[in-house]
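A short worksheet on the structure shown next.
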Amino acid sequence: MAVLWLEDLGAEDIAVAGGKGASLGELTTAGLPVPPGFIVSADAYRSFLTDTGIEAELFAAVDVDTDDHDALTAAAETAQSLIREATFPASLREEITTAYDAFDGDPFVAVRSSATAEDLPDASFAGQQETFLNVGPEALIDRIKDCWASLFTRRAIYYRNDQGFPHDEVNIAVVVQQMVPADKSGVMFTSHPSTGAPEVIIEAAWGLGEAVVAGEVSPDNYVLDADSGTVREQTIADKQLMYTRDPETGATVEQSVPEAKQHEQVLTATELQRLHELGQAVEDHYGTPQDVEWAIADG
């Protein structure tokens with residue numbers, strides 16, 4: 001099946017949904033508040049290669065000497081062009097469009113690559129994780145192609161060839177997930193990421209979370225007791241920029257944080273407690289400490 005909804009997936013479905021897709025499905029089926037979404041499966045990617053007739057040419061193009069930098073560059077350009085320029089199968093387009101049309105309300109989505117081997121302990125597959133935010137219906141198919149093409153960046157080709165990992169054994173799924181028009185967002189570690197101490201670390205900034213994840217803004221930092229959720233310490237940062245969606249174009253744009261909010265605490269006591277509860281629920285579900293991306297919209 002080419003399209004699978006998150007609620008139909010779980011942690012065991014990495015081969016179909018990739019690491020990201022399987023994790024999101026697992027959290028969805030566990031009853032946690034995950035934005036709705038679907039997966040364009042790894043099988044759909046392989047069917048695309050077969051149906052368009054580019055499979056043999058694609059894998060031949062990337063079978064190059066890792067020490068030949070010019071050959072690597074040419075291989076990446078050829079492989080990505082083959083994917084981007086191939087005609088998208090009509091039946092697959094229809095299935096994806098039908099799933100997209102099932103979203104309620106806001107039509108903008110995040111389109112995220114989810115490689116099937118990305119979570120293996122001995123294979124990092126660096127350079128494959130493309131994410132596109134605030135994608136509308138007219139750009140959806142092209143962004144899915146871009147995610148598939150991200151399997152064949154120069155860096156990814158080098159890595160697999162250098163590790164002796166066959167290119168045709170790595171597949172890729174794509175997550176299509178409804179955007180949260182975040183008023184505030186960030187990341188949470190359910191135990192201290194460096195020491196493992198029983199502390200919940202929460203980082204928070206205004207707007208979309210990309211600025212925090214990419215390290216482009218200094219976020220507020222909160223340290224909570226892992227058991228009680230009591231705030232042990234907090235650092236309120238000078239937050240100069242934020243990412244939001246342009247209401248006219250739908251594009252993700254960088255803008256200055258209004259001066260009155262630059263030194264304002266992002267999270268309220270109630271929001272900190274809710275995040276603590278959610279973090280504990282995620283950790284309890286998996287049985288190990290987790291890092292979590294979160295967003296708050298309209299309260």
Side-chain angles (χ1 to χ4, degrees), residues 6 9-14 17-35 37 110 112 114-115 117-126 128-129 131 175 177 180 182-239 243 265-297 299:
L6 292 180
L9 296 165
E12 71 281 1
D13 291 313
I14 288 179
K20 276 194 185 72
S23 293
L24 289 168
E26 182 71 16
L27 291 172
T28 299
T29 55
L32 286 147
V34 178
R112 312 175 70 191
S114 182
E118 67 187 289
D119 286 347
L120 297 180
D122 58 346
S124 67
F125 295 99
Q128 295 175 18
Q129 296 314 297
T131 291
V175 179
Q177 190 174 25
V180 174
D183 300 313
K184 49 186 81 173
S185 54
V187 295
M188 169 171 52
F189 302 90
T190 64
S191 70
H192 195 290
S194 299
T195 67
E199 299 174 328
V200 175
I201 312 297
I202 298 175
E203 296 183 342
W206 303 111
L208 297 173
E210 286 302 292
V212 177
V213 175
E216 295 178 5
V217 64
S218 295
D220 288 358
N221 183 276
Y222 307 87
V223 181
L224 282 63
D225 180 82
D227 293 326
S228 67
T230 302
V231 179
R232 291 180 174 176
E233 60 182 275
Q234 61 185 34
T235 304
I236 308 306
D238 178 12
K239 299 168 287 290
Y243 283 125
Q265 179 172 328
V266 172
L267 292 172
T268 67
T270 300
E271 289 166 342
L272 284 167
Q273 286 304 303
R274 177 60 175 149
L275 284 170
H276 174 262
E277 291 170 6
L278 288 170
Q280 293 304 106
V282 175
E283 181 173 304
D284 289 346
H285 180 77
Y286 283 107
T288 57
Q290 300 291 314
D291 62 286
V292 182
E293 295 180 20
W294 57 267
I296 298 173

Pairing residues for [X] by the side-chain hydrogen bond (donor to acceptor under 3.5 Å, both in side chains) criterion, not counting sequence neighbours:
X: Glu26; result: His285
X: Asp220; result: Tyr222, Lys239
X: Gln234; result: Gln265

Check: [Y] and [X] side chains under 4.5 Å, non-hydrogen atoms:
X: Val34; Y: Gln177; answer: yes
X: Val231; Y: Leu272; answer: yes
X: Leu278; Y: Val292; answer: no
X: Phe189; Y: Ser194; answer: no

*side-chain contact (heavy atoms from CB on, under 4.5 Å) against Thr195, all qualifying residues, sequence neighbours excluded*: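 With sequence neighbours excluded, Thr195 shows a side-chain contact (heavy atoms from CB on, under 4.5 Å) to His192, Ala197, given in chain and number order.
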*Using the salt bridge (charged side-chain N to carboxylate O under 4.0 Å, His left out) rule, collect all pairs that involve residues 275-289, keeping only residues at least two apart or in two chains.*
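Only Arg274-Glu277 qualify under salt bridge (charged side-chain N to carboxylate O under 4.0 Å, His left out).
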If I compare all heavy atoms of [X] with all of [Y], which pair ends up nearest, and what's the gap?
X: Pro219; Y: Ala237; answer: O-CB, 3.4 Å
X: Pro35; Y: Val180; answer: CG-CG2, 3.6 Å
X: Trp294; Y: Leu275; answer: CG-CD2, 3.6 Å
X: Ala297; Y: Ala182; answer: CB-CA, 4.3 Å
X: Ala17; Y: Ala22; answer: CB-N, 3.8 Å
X: His276; Y: Leu224; answer: CB-CD2, 3.9 Å

*Could you state the interatomic distance from OG (Ser23) to CD1 (Ile14), rounded to the nearest 0.5 Å?*
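Here the interatomic distance stands at 6.5 Å.
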Throw together a table of side-chain donor-acceptor distances under 3.5 angstrom for residues 198-218, partners on residues two or more places apart or in other chains.
unit_1 : atom_1 : unit_2 : atom_2 : d
Glu199 : OE2    : Arg232 : NH1    : 3.0
Trp206 : NE1    : Lys261 : O      : 3.0
Glu216 : OE1    : Tyr243 : OH     : 2.3

*Dump the intermediate steps for side-chain contact (heavy atoms from CB on, under 4.5 Å) on Leu267 and Ile296, then the final yes or no.*
CA-CA 10 Å; Leu267 292 172; Ile296 298 173; 3.9 Å; yes
*Check whether any side-chain N or O of Thr190 sits under 3.5 Å from a backbone N or O of Gly279 as a donor-acceptor pair, and report yes or no.*
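Looks like no, no N/O pair under 3.5 Å.
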